[in-house]
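Remember, it's 1-based here, ligands and their atoms both numbered in the order they're listed.
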Amino acid sequence: MNYVFDIDGTLTPSRQLINPSFKLFFLEWIRNRDVYLISGSDYPKSEEQVGKEVLHAVKGCFNTAGNVYYVKGELIYRQDWEGPQDLIDLLESFLEHSSYPIKAGNHIEKRIGMINFSIVGRNCTLEQRNAYNLYDHENQERARLRKTIMEQFPDIEVSIGGQISIDIYPVGKNKSQIIRNIKGPIHFFGDKTMEGGNDYDLAKKLHSPPNKVTQVQNWEETMQILKKL
Ligand code: M1P
């Protein structure tokens with residue numbers, strides 16, 4: 001069995017560092033197992049969050065929704081994508097018209113193969129991040145942005161990854177694309193496996209045996225489950 005873990009919300013709190021005791025446990029757990037990581041974030045952020053030891057202990061790490069692949073720190077492939085100018089204009093108009101009062105900066109982040117967009121901005125503090133997340137739960141702002149983009153750009157797919165942002169990429173260039181690089185059955189752990197979430201497309205392809213999907217609420221639940229495996 002291959003084990004694939006999402007990072008934010010599954011192995012760490014969103015955009016935060018891995019818990020030190022969970023890290024020790026996880027390093028031991030992955031010994032002699034075929035383990036891969038997948039994130040919407042880029043490789044440097046994954047390294048910052050889980051550390052080099054974990055990234056080098058797993059078989060491979062897929063980043064920016066599988067548009068980049070690293071094995072033990074070595075870049076294996078990358079698929080670039082420049083979003084069209086019309087899309088950038090639309091994101092800028094969302095920013096201008098959102099009634100959310102805090103705009104902390106770094107709202108449109110171009111990554112390899114995708115664009116990450118956030119109304120509150122990636123430069124927000126942890127407090128601002130949590131506050132936006134609460135606002136979004138109540139107002140469903142990200143779900144509305146997602147719907148509008150997908151209606152206006154049929155070749156583009158949008159998913160809601162972590163707490164404050166949406167991930168935007170060409171249709172099909174979502175996390176499910178990593179399957180072709182992994183031989184054999186896959187047990188996938190993710191926190192956003194519901195429709196619209198950024199683990200959904202991968203989870204959908206793995207829903208029947210011999211594959212398996214486990215949806216978790218947070219890293220604590222992941223740890224409890226791994227202890228029993
Ligand atoms: O990996 C999950 C998500 O983590 C971050 O989301 P947010 O900043 O909204 O909590 C982003 O890196 C996002 O791209 C990614 O999908």
Problem - Numbering as shown, the atoms of ligand 1 that approach R129 to under 4.0 Å (heavy-atom distance) - result: 7 (P), 8 (O), 10 (O)
Exercise for the section: To the nearest 0.5 Å, tell me how far F189 CZ sits from W219 CH2. Expected result: 15.5 Å
Handout entry: D167 neighbourhood, listing ligand 1 atoms whose heavy-atom distance to it stays under 4.0 Å
Key = 13 (C), 14 (O), 15 (C), 16 (O)
Exercise for the section: Before accepting this row, confirm whether a basic side-chain N of the pair D199/K175 lies closer than 4.0 Å to the acidic partner's carboxylate O. Expected result: yes
Fill in the blank from the handout: Among non-hydrogen protein atoms, atom 2 (C) of ligand 1 lies closest to D8 CB, 3.5 Å
Completion exercise
Contact region, R111 to ligand 1, non-hydrogen atoms below 4.0 Å, reads side chain
Problem - Short N-O contact, E28 and R31, less than 4.0 angstrom - result: yes
Problem - R15 N/O under 3.5 Å from ligand 1 N/O - result: no
Practice task
Using distance alone, decide if ligand 1 has a nitrogen or oxygen within less than 3.5 Å of any nitrogen or oxygen in K175.
Solution key: no
Exercise for the section: Using a cut-off of 6.0 Å, state whether more than 12 heavy atoms not belonging to H56 lie near its atom NE2. Expected result: yes
Completion exercise
Near S41 (heavy-atom distance under 4.0 Å), the atoms of ligand 1 are 12 (O)
Exercise for the section: Kindly say whether I164 contributes a backbone atom to a donor-acceptor pair with the side chain of R122 at under 3.5 angstrom? Expected result: no
Fill in the blank from the handout: At under 4.0 Å between heavy atoms, what of R122 touches ligand 1? The answer is side chain
Practice task
Tell me whether the centres of the aromatic rings in F5 and Y36 are closer together than 6.0 Å.
Solution key: no
Problem - Which of the ligand 1 atoms, numbered from 1, are nearer than 4.0 Å to a heavy atom of S39 - result: 1 (O)
Practice task
Determine whether more than 12 heavy atoms belonging to other residues, nucleotides or ligands lie under 6.0 Å from atom NZ of K212.
Solution key: no
Completion exercise
If you scan protein heavy atoms around atom 3 (C) of ligand 1, the nearest is G162 N, 3.5 Å
Handout entry: Minimum-distance pair of heavy atoms, taken over all atoms of I119 and K103
Key = O-CD, 3.6 Å
Problem - Lys NZ or Arg CZ of R33 over W29 ring: under 6.0 Å, within 45° - result: yes
Handout entry: Polar proximity ligand 1 side, N198 side, N/O cut 3.5 Å exclusive
Key = yes
Handout entry: Structural part of S165 in contact with ligand 1, heavy atom criterion under 4.0 angstrom
Key = both
Practice task
Identify whether the distance between the nearest side-chain nitrogen and carboxylate oxygen of R111 and E109 falls below 4.0 Å.
Solution key: yes
Practice task
Report yes if some N/O of M114 lies less than 3.5 Å from some N/O of ligand 1; otherwise report no.
Solution key: no
Exercise for the section: Give the numbers and elements of all ligand 1 atoms closer than 4.0 Å to a heavy atom of G40. Expected result: 1 (O), 14 (O), 15 (C), 16 (O)
Practice task
Answer with yes or no whether I7 contacts ligand 1, where contact means a heavy atom under 4.0 Å from a ligand atom.
Solution key: no
